[in-house]
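What follows is a set of notes on a single structure, which appears directly below.
The shown structure was predicted, so the numbers you read here are calculated from the model rather than taken from an experiment. Protein chains get the first letters and strands the later ones, always in sequence-line order, with residue 1 at the start of each.
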Number of protein chains: 2
Amino acid sequence: MVKMSDVAKLANVSTATVSRVLRSPETVKENTRQKVLSVIEELNYQPNILARHFRRSETNTILVIVPNIMNTVFAEIVGGIEQAAAANGYKVLLRNTNLDVRNEYEAIDHLKQRQVDGMILLSERLEKKTLLEISKQYPVVLASAYIEGLKVPTVSIDNISSSREATEHLIRLGHKRIANICGPLFSSISRDRLKGFKQAVYQNDLEVDSVLIQEGEFTFDSGYNQMLKFLALEVPPTAVFAANDEMAMGAIKAAKENGLKVPEDMAVVGFDNIKFSSMFEPALTTIAQPKYEMGKKAMELLLEQMQGVVHTKIQHVLDTNLVIRDSCGAKKAELV
Amino acid sequence: MVKMSDVAKLANVSTATVSRVLRSPETVKENTRQKVLSVIEELNYQPNILARHFRRSETNTILVIVPNIMNTVFAEIVGGIEQAAAANGYKVLLRNTNLDVRNEYEAIDHLKQRQVDGMILLSERLEKKTLLEISKQYPVVLASAYIEGLKVPTVSIDNISSSREATEHLIRLGHKRIANICGPLFSSISRDRLKGFKQAVYQNDLEVDSVLIQEGEFTFDSGYNQMLKFLALEVPPTAVFAANDEMAMGAIKAAKENGLKVPEDMAVVGFDNIKFSSMFEPALTTIAQPKYEMGKKAMELLLEQMQGVVHTKIQHVLDTNLVIRDSCGAKKAELV
DNA sequence: ATGAAAGCGCTAACAG
DNA sequence: CTGTTAGCGCTTTCAT
């Protein structure tokens, strides 16, 4: 393995100069620089990055902790992170926790051991205390996930308002008995989406029937099963707001299987605007959240932190919008 | 930052012993080990992993090059890789190339610079020559992708046979005029799936009409558009084999929009068995490929390579199976 | 603008 | 079983 001293020798300079050519070329005289560069070429020299990492104790690598990379929402966020990272010369270490908190705690050691320069967390399961302590010592950004009252830069959407908007859309369409399939309530995202749903219901003086709120697991099957419960009610709802698209799809399947037409007999609105929501039939009306941009923004914030910027603005809330397709009945309503 | 020498001093041993406690505890006397461990705890010592990486010139990190992490097929494979990596104490560096070959060439530098101990490639766009040279010097495994005649350990499926099976299934159901929406033909995967389709058609003495083969881009829209072409034919096909599920979904949408019933008027079979293929309506008949296992297997092979094993078996072909759902008409056929 | 030289923290060969 | 010691290859301070 050819090393810096080999280059130095052949170019008749010191290793310091070679190092300068690599890291701050402007401080080296044009002549010398050319000479060194040509020797580097000639010897096909590759700097030993590990030595550099060690010496500088920085790695140009960031850690991304994701609950489940097989979930399209997370995959898109990671896509955005990776793009912004690569554009800025950073590498991405991916840790998939499979929702096991122990994996998260383990992953944090990478930070402590300086194996990474910073971390983006897409999960919200770490203890607030731990996370706060970590974030005081290392650059950390939360994306999508957020933890109440935690002073860590966070990129997210307004889950409450978005859900309220989704629900109000159903109300505007004339629905009076609206059900909600919420996400697992250990998640603050789920709790917020539920909160938004309730706000819409209360503010519009609709009946509040607790049986119309059922907790799913953000999966197709759970959406399917919760919808079956609704359909079994003496007075079933006429519309359902599901806290993510997958559950919305499951709910629609259940409705159809029970002879209901969607949206005519049962209107459904989802959340996330995953790619398949437009392919589904009926195409899903849903809240579009900017997944890729969220990742990009999170990475940008992390970069700033790593450059020493101290963020005073903690919450970065990105815009969502209601995408009206076929599952809610709005389009058909217009035609009437 | 507390370092090894601090621990050594306080424990009244040498740094060598501390190092041994960390890396090969069995070579240290029980007593000494306990003493050292307690000091480590006391000082809250975190080894400087960068120093270790440097010194040992290995990183316990592998590089995964993926064309597009937002594609669920790749996301699942990456999930499998990550799981096997983590289980063996390895970290995963993720590089998303967005189908830009330059990014792949760049990524390879990580190997040359020893920033990673090995690489799993899910893409097939590097020049064969380059890849061969790389694989001679560094542990490399190809997953899903494969490059003809390249002596690099590869985990894949038999795309030819699987496609033949999918097509034969349609033939068995009585279809005589079967179309194929193939993938982009720069990809060997696409070419193989096309090959399998053709084999089935030829072997069953069906008509071979070149207009019945159209190239898509593995996207919903391209499936939709190619199906429109088929429907515009004087004699449209009665069945379509699409080289992936997304295109199959697009094709079905086009058929439905043109008043055809799927599968009654138009049978469709896809490929991949992505999660959404079972949620789609009609649920997709498709070839299931073991995406997660493929990633896992690839990582296992890579681990072996990194431990010095030289693989004589180059091609590792995992099993696929035809998942019969509703889009092909087989279930309804049975009922008759 | 360049060179000399120290040293980052760890590992492993060698000696005892 | 444990200690001594020599680096790994780079960056950076200090001098010139």
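Within 4.0 Å (heavy atoms only), Asn31(B) reaches no atom of the nucleic acid at all. Backbone-only contact: Val13(A) has heavy atoms under 4.0 Å from sugar-phosphate atoms and none from a base. Ser19(A) comes within 4.0 angstrom of a base, heavy atoms only.
For the residue pair Glu124(A) and Ser187(A), a side-chain donor N or O sits within less than 3.5 Å of a side-chain acceptor on the partner. Residues Tyr146(B) and Asp192(B) have side chains that bring a donor and an acceptor to within less than 3.5 angstrom of each other.
Residue Arg20(B) has its side chain nearest to dA13(C) when only dG3(C), dA13(C), dT11(C) are considered. Of the candidate nucleotides dT2(C), dG9(C), dT11(C), dG9(C) has the atom lying nearest to any side-chain atom of Asn48(B).
For the OP1/OP2 pair of dA1(C) and a distance below 4.0 Å, the side-chain nitrogens and oxygens of Thr27(A) include no atom meeting the criterion. When the side-chain nitrogen and oxygen atoms of Lys29(A) are compared with OP1 and OP2 of dA1(C), none of them lie within a distance under 4.0 Å. An OP1 or OP2 oxygen of dT2(C) is reached within less than 4.0 angstrom by a side-chain nitrogen or oxygen of Thr32(A). Listed pair Arg55(B) / dA12(C) fails the phosphate criterion, with no side-chain N or O lying under 4.0 Å from OP1 or OP2.
Nucleotides of DNA chain D with any atom under 4.0 Å from a heavy atom of chain A span, from 5' to 3', dG9(D) to dT13(D).
In this structure, the aromatic ring of Phe54(A) is positioned over the six-membered ring of the base of dC8(C), centres within 5.5 Å and planes within 30°.
Classification of the Phe54(B)-Phe54(A) ring pair by plane angle, with boundaries at 30° and 60°, yields parallel.
Comment: Arg125(A) does not engage Glu104(A) in a salt bridge, judged by the lack of any side-chain N to carboxylate O separation of less than 4.0 angstrom. Here Lys136(B) does not pair with Glu133(B) in a salt bridge; the nearest charged N to carboxylate O distance is not below 4.0 Å.
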- Message: Would Leu22(B) and Met4(B) count as a side-chain contact (heavy atoms from CB on, under 4.5 Å) here? Give the steps.
- Response: CA-CA 10 Å; Leu22(B) 259 36; Met4(B) 197 175 267; 4.1 Å; yes
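Remark on DNA chain D: of its neighbouring residues Ser14(B) and Ala51(A), the 5'-side contact belongs to Ser14(B), judged by nearest-heavy-atom nucleotide. Nearer the 5' end of DNA chain C, as judged by each residue's closest nucleotide, is the contact made by Arg33(A), out of Thr15(A) and Arg33(A).
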